Amino acid sequence: MSEERSLNFLEEIVEEDLRTGKHAGRVLTRFPPEPNGYLHIGHAKSICLNFGLALKYGGKTNLRFDDTNPVKEDIEYVDSIKEDVKWLGFEWANELYASDYFDKLYDFAVILIKKGLAYVDDSSAEEIAAQKGTPTEAGTANQFRSRSVAENLALFADMKAGKYPDGAKVLRAKVDLASPNMHLRDPLMYRIKHAHHHRTGDTWCLYPMYDFAHGQSDAIEQITHSICTLEFIPHRDLYNWFIEQLEIFPSKQYEFARLNLNYTVMSKRKLLQLVTEGHVEDWDDPRMPTISGLRRRGYTPASIRDFCDRIGVAKRENMIDVSLLEFCIREDLNKTAWRRMAVLDPIKMVITNYPEGETETMSGENNPEVEGGEGGRDIPFGRELWIEREDFMEEPPKKFFRLGVGLSVRLKSAYIVTCNSFVKDIEGNVTEIHCTYLPESKSGADTSELKVKGTIHWVSVAHAKTAEVRLYDRLFQVEDPSNEDNDFKEYLNPHSLQILSNAYIENDLATAIPGKGYQFIRKGYFTLDKHSTADKLVFNRTVTLKDSWKAPQPPKGGA
RNA sequence: UGCCCGAUAGUAUAAAGGUAGUACAACGGUUUUUGGUACCGUUUGUCUAGGUUCGAAUCCUGGUCGGGCAACCA
């Protein structure tokens with residue numbers, strides 16, 4: 001670690017606090033998701049930030065579920081969030097819930113009422129909105145604002161006791177109806193909801209709003225650095241106001257710009273829509289930017305952490321290129337994935353001078369990136385092979401280093417072959433390619449002294465297993481679907497999923513390990529899908545290999 | 001037309017008044033039994049107008065542009 005990495009603005013704040021002895025050198029952050037949906041790559045940024053910051057400075061991080069709105073939340077989401085955070089490789093110090101603090105929060109509210117800083121308002125939502133004024137006009141007080149402390153206390157107790165229906169009354173903080181910050185115009189603290197909560201059941205019919213739960217929860221846990229996204233900046237004044245009036249632990253809120261990735265959407269609402277309307281299979285569809293989707297797609301925790309590290313942290317709105325995410329997973333998988341051969345779009349090759357009925361065994365290393373290759377496996381070879389349809393051309397252009405009549409290639413880990421002829425069916429489709437091989441060119445024992453430009457992958461017809469291979473492409477056709485004129489779903493990529501049901505794979509792949517990444521040589525990185533079975537192997541393509549080969553452009557028209 | 005954030009290559013992110021750097025992308029080359037990897041190289045940038053200063057991406061002022069704020073959501 002000789003390279004001095006520059007600090008992001010949050011690290012600078014923490015280091016400054018450490019330098020000045022604030023909180024006696026203690027660093028405690030929290031990751032506070034609302035359990036109302038699955039985590040996505042944007043949350044991963046926040047997770048890496050919160051856990052990473054604590055890790056770097058010897059602190060800890062709490063996992064806190066911000067579960068103050070029972071109608072949107074569910075235990076299903078709690079479980080998936082815990083799984084995803086763990087999978088990413090982080091350990092929380094405490095598993096906590098805002099709902100654990102409902103009693104304390106209620107007491108806090110009573111304190112504010114007693115100080116004359118909160119009141120029960122009987123107005124409707126519409127009336128309250130109207131009375132808040134506009135950004136350019138001050139709000140106006142109503143008659144409830146001057147209720148006595150005693151009356152407020154009694155009313156608030158009745159609210160808790162369930163004496164009023166939903167929406168009949170709210171508790172509001174008495175701050176400043178003329179504030180230029182709309183959030184300070186007597187914000188709501190509590191609303192009545194006769195709803196079942198996934199943890200507190202039917203104990204409460206009164207639930208705190210975000211602004212009267214989040215900062216208080218931070219203070220209760222003595223969070224030193226409460227990190228959230230930019231849209232909470234206007235809430236900060238209120239966050240501080242409650243803490244000051246309550247005289248509780250002075251947690252501080254800091255804001256960073258959320259992650260935006262191009263060619264996808266990131267809002268829970270939109271992701272939910274994709275699921276419920278059947279545009280994708282589920283939350284963990286490999287095309288989804290969810291953590292579970294990326295996992296099923298074959299992304300590794302390390303690659304996602306690396307990505308979060310590389311995108312940096314700042315306060316400027318951003319739109320990250322997916323190519324960076326793809327770079328991160330390629331870089332990881334290149335070092336760890338075992339190499340195998342798989343023919344996705346097969347065409348038969350017959351080696352006419354290879355003895356009929358004979359087979360032999362070639363050997364291939366598992367990983368050329370590692371010294372020793374991490375061992376190897378046997379690859380059966382024979383007279384008939386499956387090769388990739390696109391590796392043969394009837395009329396090959398210049399610099400096509402693959403097969404065409406008269407052209408030679410190396411069969412990976414095997415022999416050099418030369419194409420002599422091919423067979424077509426009545427419709428003119430090429431159905432078979434005939435080659436001859438050079439016996440003295442065997443891989444590892446090549447005495448032919450022949451150099452060929454191209455090497456192609458293959459699978460023995462007699463030994464191959466079949467598999468279904470799913471190729472994924474970006475979910476949307478435009479960079480920023482949420483920012484287009486029409487509904488975001490109109491920009492879905494109709495070709496985001498391509499299923500190849502007739503792929504041939506090396507027999508060794510029949511025992512592929514779930515969760516492990518494999519490189520199908522020349523084709524990309526793949527991993528077993530969760531629906532794969534011994535009878536029907538299913539592979540997902542995580543990402544393609546970088547491919548710098550471009551077919552020659554046809555001459556431009558317009559003579 | 002109130003308040004609050006922000007503005008550095010195509011995309012991100014550094015440079016705390018002193019050489020505008022790094023990564024991804026793009027392009028070119030070397031190596032290669034993966035048109036992969038590795039390695040080398042190239043192109044491209046401080047929103048704008050003033051001011052302060054020996055010196056400004058950085059500090060100040062005005063403007064422009066982008067984003068946020070008036071949910072009984074978080």
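Throughout, a chain's letter reflects where its sequence line sits, starting with A, and its residues are numbered from 1. Here the structure is a predicted model, which is why all the values come from computation and not from measurement.
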S123(A) near the nucleic acid: base, sugar-phosphate alone, or nothing, with a heavy-atom cut-off under 4.0 Å? base
Within 45 degrees of the axis of the six-membered ring of Y207(A) and under 6.0 Å from its centre: does K193(A) put its NZ or CZ there? no
Any side-chain N or O of K315(A) under 4.0 Å from OP1/OP2 of rA12(B)? no
Looking at D345(A), is its backbone amide N or carbonyl O close enough to the side chain of E388(A) to form a donor-acceptor pair, meaning the two atoms are under 3.5 Å apart? yes
Classify K335(A) by what it touches in the nucleic acid, base, sugar-phosphate, or nothing, heavy-atom distance under 4.0 Å. nothing
Would F102(A) and H197(A) count as a ring pair (Phe, Tyr, Trp, His ring centres under 6.0 Å) here? Give the steps. CA-CA 12 Å; F102(A) 281 173; H197(A) 187 281; 5.8 Å; yes
Whole angstroms only, please: what is the CD-P distance between E365(A) and rU33(B)? 12 Å
rU34(B) base to R522(A) side chain: any donor-acceptor pair below 3.5 Å? no
Would you mind telling me which of rA16(B), rA23(B), rC73(B) lies closest to the side-chain atoms of E12(A)? rA16(B)
Nearest to the side chain of H235(A), heavy atoms from C-beta on, is which of rU33(B), rA70(B), rA74(B)? rA74(B)
For rU22(B), give its Watson-Crick or G-U wobble partner with both distances under 3.5 Å, or none. rA12(B)
Looking only at rA74(B), rC4(B), rA12(B), the nucleotide nearest the I233(A) side chain is rC4(B)
Closest listed nucleotide, where the reference is the side chain of N334(A) and the choices are rU37(B), rA14(B), rA74(B): rU37(B)
Considering every strand and a 4.0 Å limit on heavy-atom distances, what is the contact class for A125(A): base, sugar-phosphate, or nothing? base
Only pairs with both distances under 3.5 Å count, Watson-Crick or wobble alike; so what is the partner of rU34(B) in this structure? none
Reckon L324(A) touches a base, only the sugar-phosphate, or nothing at all at heavy-atom distances under 4.0 Å? sugar-phosphate
H43(A) vs F31(A) aromatic rings, parallel, tilted or perpendicular, using cut-offs 30° and 60°? perpendicular
Need the pair for rC59(B). Rule: Watson-Crick or G-U wobble, both distances under 3.5 Å, any strand; none if unpaired. rG51(B)
Please tell me which of the listed nucleotides, rC73(B), rC72(B), rC69(B), lies nearest to the side chain of P234(A)? rC69(B)
Is the ring pair W283(A)/Y38(A) parallel, tilted or perpendicular, if the boundaries are 30 and 60 degrees? parallel
When only distance counts, do a donor and an acceptor, one from the side chain of E369(A) and one from the base of rG36(B), lie under 3.5 Å apart? yes
So does T455(A) reach the base of rU34(B) with its side chain, donor to acceptor, closer than 3.5 Å? no
Report the distance from atom CG of N260(A) to atom C1' of rG68(B), rounded to the nearest whole Å. 13 Å
Pick base, sugar-phosphate or nothing for S413(A), based on heavy-atom distances below 4.0 Å to the nucleic acid. base
Spacing of M182(A) atom CE relative to rG68(B) atom P, expressed in whole Å: 16 Å
Nucleotide forming a Watson-Crick or wobble pair with rU46(B), both distances under 3.5 Å: none
Can a salt bridge be assigned to the pair E255(A) and K315(A) using a cut-off of 4.0 Å between side-chain N and carboxylate O? yes
Separation between the C1' atoms of rG2(B) and rG10(B), rounded to whole Å: 36 Å
Closest to the F400(A) side chain: rG35(B), rC27(B), rG10(B)? rG35(B)
Is rG6(B) paired to anything, Watson-Crick or G-U wobble with both distances less than 3.5 Å, and if yes, which nucleotide? rC65(B)
Base of rA71(B), side chain of H183(A) - is there a donor-acceptor contact under 3.5 Å? no
With heavy atoms under 4.0 Å as the rule, sort V313(A) into base, sugar-phosphate or nothing. sugar-phosphate
Report which part of the nucleic acid G139(A) touches: base, sugar-phosphate, or nothing (heavy-atom distance under 4.0 Å, all strands). nothing
With distance as the sole criterion, do the side chain of R402(A) and the base of rG35(B) form a donor-acceptor contact below 3.5 Å? yes
Could you tell me how far rA7(B) sits from rU46(B) if I compare only their C1' atoms? Round to whole Å. 10 Å
Say you draw a straight line from CZ of F526(A) to NZ of K516(A); how long is it, rounded to the nearest 0.5 Å? 15.5 Å
Side-chain N or O of T68(A) versus OP1/OP2 of rC73(B): is the shortest distance under 4.0 Å? no
Side-chain contact, heavy-atom cut-off 4.5 Å: L438(A) with V417(A)? no
With no angle test and no hydrogens, is the base of rU34(B) tied to the side chain of R339(A) by a donor-acceptor pair under 3.5 Å? yes
May I have the distance from L438(A) (atom CG) to rU33(B) (atom P), rounded to whole angstrom? 16 Å
Sort out the partner of rC72(B) for me: Watson-Crick or G-U wobble, both distances under 3.5 Å, none otherwise. none
D166(A) or E317(A): which one's nearest nucleotide on RNA chain B is closer to the 5' end? E317(A)
In terms of the angle between their ring planes, are Y354(A) and F381(A) parallel, tilted or perpendicular, with boundaries placed at 30° and 60°? perpendicular
Tell me the interatomic distance from N318(A), atom CG, to rG66(B), atom C1', rounded to whole angstroms. 13 Å
Salt-bridge present (R199(A), E73(A); N to O < 4.0 Å): no
Per nearest nucleotide of RNA chain B, the residue lying toward the 5' end, K132(A) or E34(A), is K132(A)
So S443(A), base contact, sugar-phosphate only, or nothing? Heavy-atom distance under 4.0 Å. base
Quick check for you: among rA12(B), rA74(B), rU1(B), whose closest atom lies nearest to any side-chain atom of T136(A)? rU1(B)
Length of the line joining N8(A):CG and rA15(B):P, which is rounded to integer Å: 10 Å
Considering every strand and a 4.0 Å limit on heavy-atom distances, what is the contact class for P368(A): base, sugar-phosphate, or nothing? base
Without decimals, in angstroms, what is the distance between E231(A) CD and rC69(B) C1'? 11 Å
By the 4.0 Å heavy-atom rule, please label Y210(A) as base, sugar-phosphate, or nothing. base
As a test of reading the structure: which of rG36(B), rC73(B), rA14(B) is closest to the side chain of N69(A), going by heavy atoms? rC73(B)
Heavy atoms from C-beta onward define the side chain here; which of rU33(B), rC73(B), rG35(B) lies closest to that of R191(A)? rC73(B)
W549(A) has its side chain closest, among rC72(B), rG35(B), rA74(B), to rG35(B)
Provide the distance between the two C1' atoms, one in rG55(B) and one in rA20(B), to the nearest whole Å. 15 Å
Which part of the nucleic acid, if any, lies within reach of I521(A) when heavy atoms closer than 4.0 Å are counted: base, sugar-phosphate only, or nothing? base
Using a heavy-atom cut-off of under 4.0 Å over every strand shown, decide if F232(A) touches base, sugar-phosphate, or nothing. base
Q519(A) CD - rU33(B) P separation (whole Å): 16 Å
Do any side-chain nitrogens or oxygens of K72(A) fall under 4.0 Å of OP1 or OP2 in rC72(B)? no
